[in-house]
Enquirer: 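Quick one: the structure is below, questions incoming.
The residues of the chain are indexed from 1 along the displayed sequence.
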Amino acid sequence: ASQQAPSLRPGAGRAGAAAAAWHSNVHVVGLWSINQDRNAWVYLDDAGWRKLSGGSESGLVAMNMLAAHAYQLGSTTSLYEGDDGSISQLYVW
């Protein structure tokens, strides 16, 4: 079965093709998950929906918790987005 992706846009932002890059000083303005293995997403104010890397269960849970913290507090976030468009590193202040 193919994995679903979020379809709603919670705020302004632009969705576009992914390229491996660091994003600095961004904000998480939306969260989305579903009852599928390793399928959680964040909405970034500068890039739209991005999938959290599902490389490991514990890594995905940790990044989901950090993203929820960033969303709740409106914290500044820096993250690394790989060529596949998924986030594999996440820093929250």
Side-chain angles (χ1 to χ4, degrees):
S2 66
Q3 289 194 331
Q4 293 180 345
S7 59
L8 298 178
R9 302 204 183 280
R14 57 173 170 58
W22 277 97
H23 297 267
S24 298
N25 301 317
V26 298
H27 293 92
V28 175
V29 296
L31 301 165
W32 186 89
S33 63
I34 193 168
N35 63 343
Q36 294 176 335
D37 289 343
R38 300 180 184 186
N39 195 9
W41 298 67
V42 295
Y43 193 92
L44 305 174
D45 62 350
D46 79 332
W49 286 111
R50 293 296 187 258
K51 185 173 174 122
L52 295 177
S53 175
S56 75
E57 295 284 336
S58 58
L60 178 61
V61 169
M63 285 195 297
N64 207 10
M65 290 171 54
L66 285 169
H69 174 78
Y71 173 75
Q72 182 180 14
L73 297 180
S75 300
T76 301
T77 306
S78 293
L79 56 94
Y80 181 77
E81 177 184 9
D83 287 333
D84 62 354
S86 69
I87 297 169
S88 60
Q89 296 180 52
L90 185 63
Y91 295 86
V92 177
W93 287 269

Enquirer: Can you name the nearest heavy-atom pair linking Val29 to Leu44, along with the distance?
Expert: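 In terms of heavy atoms, the two residues are closest at CG2-C, 4.4 Å.
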Enquirer: Just wondering, do Val28 and Val92 contact through their side chains at under 4.5 Å, heavy atoms?
Expert: no
Enquirer: Can you tell me how far apart OG (Ser86) and CZ (Arg38) are? Round to the nearest 0.5 Å.
Expert: 12.0 Å
Enquirer: Rounded to the nearest 0.5 Å, what's the gap from CG on Asp46 to CG on Asn25? Could you check?
Expert: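 One finds 10.0 Å between CG of Asp46 and CG of Asn25.
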Enquirer: Under the 3.5 angstrom rule, does the side chain of Ser75 hit a backbone N or O of Trp93 as a donor-acceptor pair?
Expert: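 Side chain of Ser75 to backbone of Trp93, a donor-acceptor pair under 3.5 Å: yes, one is there.
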Enquirer: Examine Val26 and Ile87 and state if one hydrophobic cluster contains both, with Ile, Leu, Val, Met, Phe, Trp and Tyr joined whenever side-chain heavy atoms are less than 4.5 Å apart.
Expert: yes
Enquirer: According to a 4.5 Å side-chain heavy-atom criterion applied to Ile, Leu, Val, Met, Phe, Trp and Tyr, with indirect links allowed, do Ile34 and Trp49 form part of one hydrophobic cluster?
Expert: yes
Enquirer: Ignoring hydrogens and geometry, is there a side-chain-to-backbone donor-acceptor pair from Asp83 to Ala20 under 3.5 Å?
Expert: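 A pair under 3.5 Å: yes.
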Enquirer: Just how far is it from atom CG of Asp84 to atom OG of Ser53, taken to the nearest 0.5 Å?
Expert: 7.0 Å
Enquirer: Please work out which of the three classes, parallel, tilted or perpendicular, describes the rings of Trp22 and Tyr91, given edges at 30° and 60°.
Expert: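 Geometry flag for Trp22 against Tyr91: tilted rings.
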Enquirer: Does Lys51 reach the side chain of Gln3, with side-chain heavy atoms less than 4.5 Å apart?
Expert: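 The answer is yes, as the side chains (C-beta and beyond) meet within the 4.5 Å cut-off.
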Enquirer: With rounding to the nearest 0.5 angstrom, report the CG to CG distance, Leu90 to Leu66.
Expert: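 Between atom CG of Leu90 and atom CG of Leu66 there are 5.0 Å.
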Enquirer: Taking the side chain from Gln36 and the backbone from Gln4, do they hold a donor-acceptor pair closer than 3.5 Å?
Expert: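 It does hold such a pair.
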Enquirer: Which value, rounded to the nearest 0.5 Å, describes the distance between Leu52 atom CG and Trp32 atom CH2?
Expert: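 So the gap between those two atoms works out to 11.5 Å.
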Enquirer: If you round to the nearest 0.5 Å, how far is CG of Leu73 from NE2 of His27?
Expert: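 Taking NE2 in His27 and CG in Leu73, the distance rounds to 11.0 Å.
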